[in-house]
Asks: 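Quick one: the structure is below, and I'll ask about it shortly.
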Amino acid sequence: MRHFFILLLTLTIASCAPTFQLKQTGHSSMWNSYSVATSEYINELKTDKSVMWTQDGPILERVEFWAPISDGGKLPFIFIAGNEERAETFRSDMTPEEIVELVRNGFSLTPSTPTFIGNLQPAPFGNKQGYMIDLNLSSKDGSDFKGNLLFATINGKLMAVFFAARETHYYEARRPYFDSVVQSIKVSGDA
């Protein structure tokens, strides 16, 4: 009987953990704020803070759609123990440069070390004004990642799409997919 309860408890806990689902091609709504499209079957993992798409696994490459961040909210990072309190919060009146600093501060409090965050450029977020930055991150195990972050403040909330992939092969191989996802963005209310 004891083994039965252990098995039942294990299955209950496992059923509560988020799992990847195979996503078909087509459009998806992100928090009723905007929609994006995938041109290929993709593995999708949904949490309350983000939606992740990956073809080869999140350790190699991923596209993350962050849940809209309101005034006083923090970026959806997994912080090193005790660092979440040190993380800065978003304000809807932040300039793009201040948002870059918010991102830099956030990554510095995670297990990944930012080695470069910059090259701020205007870029469309659907039909809204947005910005794109380049990122280079290094993990403690010696893995180097290259990525991009597209962001915009829309209706007082920070919307962001984050792409990260292992240098150099996965970044080069998956960057066209990220570009196609970015080009497919339609902000709710777009004509």
Asks: Just verifying a value: how many Å separate Lys46 NZ and Ser28 OG, rounded to the nearest 0.5 Å?
Replies: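 The distance works out to 6.5 Å.
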Asks: State, yes or no, whether a side-chain contact exists between Ser143 and Arg166 at a heavy-atom distance under 4.5 Å.
Replies: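 A side-chain contact under 4.5 Å exists here.
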Asks: Look up atom CD in Gln21 and atom CG in Leu45, then write down how far apart they are to the nearest 0.5 Å.
Replies: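 Rounded to the nearest 0.5 Å, the CD-CG separation comes out at 9.0 Å.
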Asks: How close do Ile69 and Pro76 get, heavy atom to heavy atom, and via which atoms?
Replies: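 In this case the closest contact between Ile69 and Pro76 is CD1-CD, 3.9 Å.
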Asks: Decide yes or no on side chain to side chain donor-acceptor pair (under 3.5 Å) for Thr38 and Lys23, but give the supporting numbers first.
Replies: CA-CA 9 Å; Thr38 178; Lys23 173 142 189 58; over 6 Å; no
Asks: Can you tell me if Ile59 has over 12 outside heavy atoms packed within less than 6.0 Å of its CD1?
Replies: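 Result for CD1/Ile59: open.
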Asks: Sub-3.5 Å donor-acceptor pair from the side chain of Ser188 to the main-chain atoms of Asn32, do we have one?
Replies: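 Between the backbone of Asn32 and the side chain of Ser188 there is a qualifying donor-acceptor contact (under 3.5 Å).
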Asks: Just to verify, what does Glu40 make a salt bridge (Lys or Arg N to Asp or Glu O under 4.0 Å) with, not counting sequence neighbours?
Replies: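 Arg174.
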Asks: Quiz question: by atom type and distance under 3.5 Å, do the side chains of Gln121 and Tyr131 form a donor-acceptor pair?
Replies: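 Side chains of Gln121 and Tyr131: no pair found under 3.5 Å.
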Asks: Keeping to residues at least two apart or across chains, list the salt bridge (charged side-chain N to carboxylate O under 4.0 Å, His left out) pairs with something in residues 79-100.
Replies: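 Sorted pair list: Arg91-Asp93, Arg91-Glu98.
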Asks: Side chain to side chain contact (heavy atoms under 4.5 Å, CB included) for Ile80 and Thr110? Distances and angles first, verdict last.
Replies: CA-CA 5 Å; Ile80 294 173; Thr110 70; 5.5 Å; no
Asks: Kindly compute the distance separating CD (Gln55) from OH (Tyr170), expressed to the nearest 0.5 Å.
Replies: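 If I round to the nearest 0.5 Å, the distance is 11.0 Å.
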Asks: Which atoms form the tightest heavy-atom contact between Glu61 and Thr54, and what is the distance?
Replies: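 Between these two residues, the closest heavy atoms are O-OG1, 2.6 Å.
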Asks: Looking only at heavy atoms, which two atoms of Pro124 and Val182 are closest? And how far apart?
Replies: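 Pro124 and Val182 have their closest heavy atoms at O-CG1, 4.4 Å.
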Asks: In terms of ring plane angle, is the pair Phe125 and Tyr34 parallel, tilted or perpendicular, where the classes change at 30° and 60°?
Replies: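 Taking Tyr34 first and then Phe125, their aromatic rings stand perpendicular (interplane angle over 60°).
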Asks: Tell me the salt bridge (charged side-chain N to carboxylate O under 4.0 Å, His left out) pairs involving residues 104-124, sequence neighbours left out?
Replies: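 Every pair satisfying salt bridge (charged side-chain N to carboxylate O under 4.0 Å, His left out) with a residue in residues 104-124: Glu101-Arg104.
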Asks: Would Met132 and Phe65 show up in the same hydrophobic cluster when neighbours are defined by side-chain heavy atoms closer than 4.5 Å?
Replies: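 Yes, Met132 connects to Phe65 through the hydrophobic network.
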Asks: Under a 4.5 Å side-chain heavy-atom rule over Ile, Leu, Val, Met, Phe, Trp and Tyr, are Met52 and Tyr41 clustered together?
Replies: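 Result: no, two separate clusters.
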Asks: Not counting sequence neighbours, which residues clear ring pair (Phe, Tyr, Trp, His ring centres under 6.0 Å) with Phe77? List them please.
Replies: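 For Phe77 the ring pair (Phe, Tyr, Trp, His ring centres under 6.0 Å) partners, ignoring immediate neighbours, are Trp66, Phe107.
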Asks: Find the distance between CG (Asn136) and CD (Glu167) and round it off to the nearest 0.5 Å.
Replies: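 Rounded to the nearest 0.5 Å, the CG-CD separation comes to 5.5 Å.
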Asks: Between Ser112 and Leu137, which heavy-atom pair has the shortest distance, and what is it?
Replies: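 Taking Ser112 first and Leu137 second, the nearest heavy atoms are CB-CB, 4.3 Å.
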Asks: Indicate every side-chain donor-acceptor pair of residues 145-165 with a distance under 3.5 Å to a residue at least two apart or in another chain.
Replies:
from	atom 1	to	atom 2	distance (Å)
Asn148	OD1	Tyr171	OH	2.9
Asn148	OD1	Arg175	NH1	3.1
Asn148	ND2	Asp134	OD1	2.9

Asks: Can you name the closest pair of heavy atoms from Leu135 and Val103 and give their distance?
Replies: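 That would be CD2-CG1, 4.2 Å.
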Asks: Linking I/L/V/M/F/W/Y whenever any side-chain heavy atoms sit under 4.5 Å apart, do Val51 and Phe20 land together?
Replies: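 Val51 and Phe20: separate clusters.
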Asks: I'd like to know if the side chain of Ser184 and the backbone of Ala37 have a donor-acceptor N/O pair within less than 3.5 Å.
Replies: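 Side chain of Ser184 to backbone of Ala37: a pair is present.
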Asks: Per the side-chain hydrogen bond (donor to acceptor under 3.5 Å, both in side chains) rule, what does the pair list look like for residues 67-76, sequence neighbours excluded?
Replies: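 Listed once each, the pairs are Asp71-Ser92.
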Asks: Going from OG on Ser35 to NZ on Lys186, what distance comes out if it is rounded to the nearest 0.5 angstrom?
Replies: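 The distance works out to 6.5 Å.
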Asks: According to a 4.5 Å side-chain heavy-atom criterion applied to Ile, Leu, Val, Met, Phe, Trp and Tyr, with indirect links allowed, do Met30 and Val187 form part of one hydrophobic cluster?
Replies: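 In one cluster with Met30: Val187, yes.
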Asks: Counting neighbours of CD1 on Ile78 that are heavy atoms of other residues, nucleotides or ligands and sit closer than 6.0 Å, is the number greater than 12?
Replies: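 Open.
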Asks: Can Ser138 and Asp144 be counted as having a side-chain donor-acceptor contact under 3.5 angstrom?
Replies: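 Distance-only check passes for Ser138 and Asp144.
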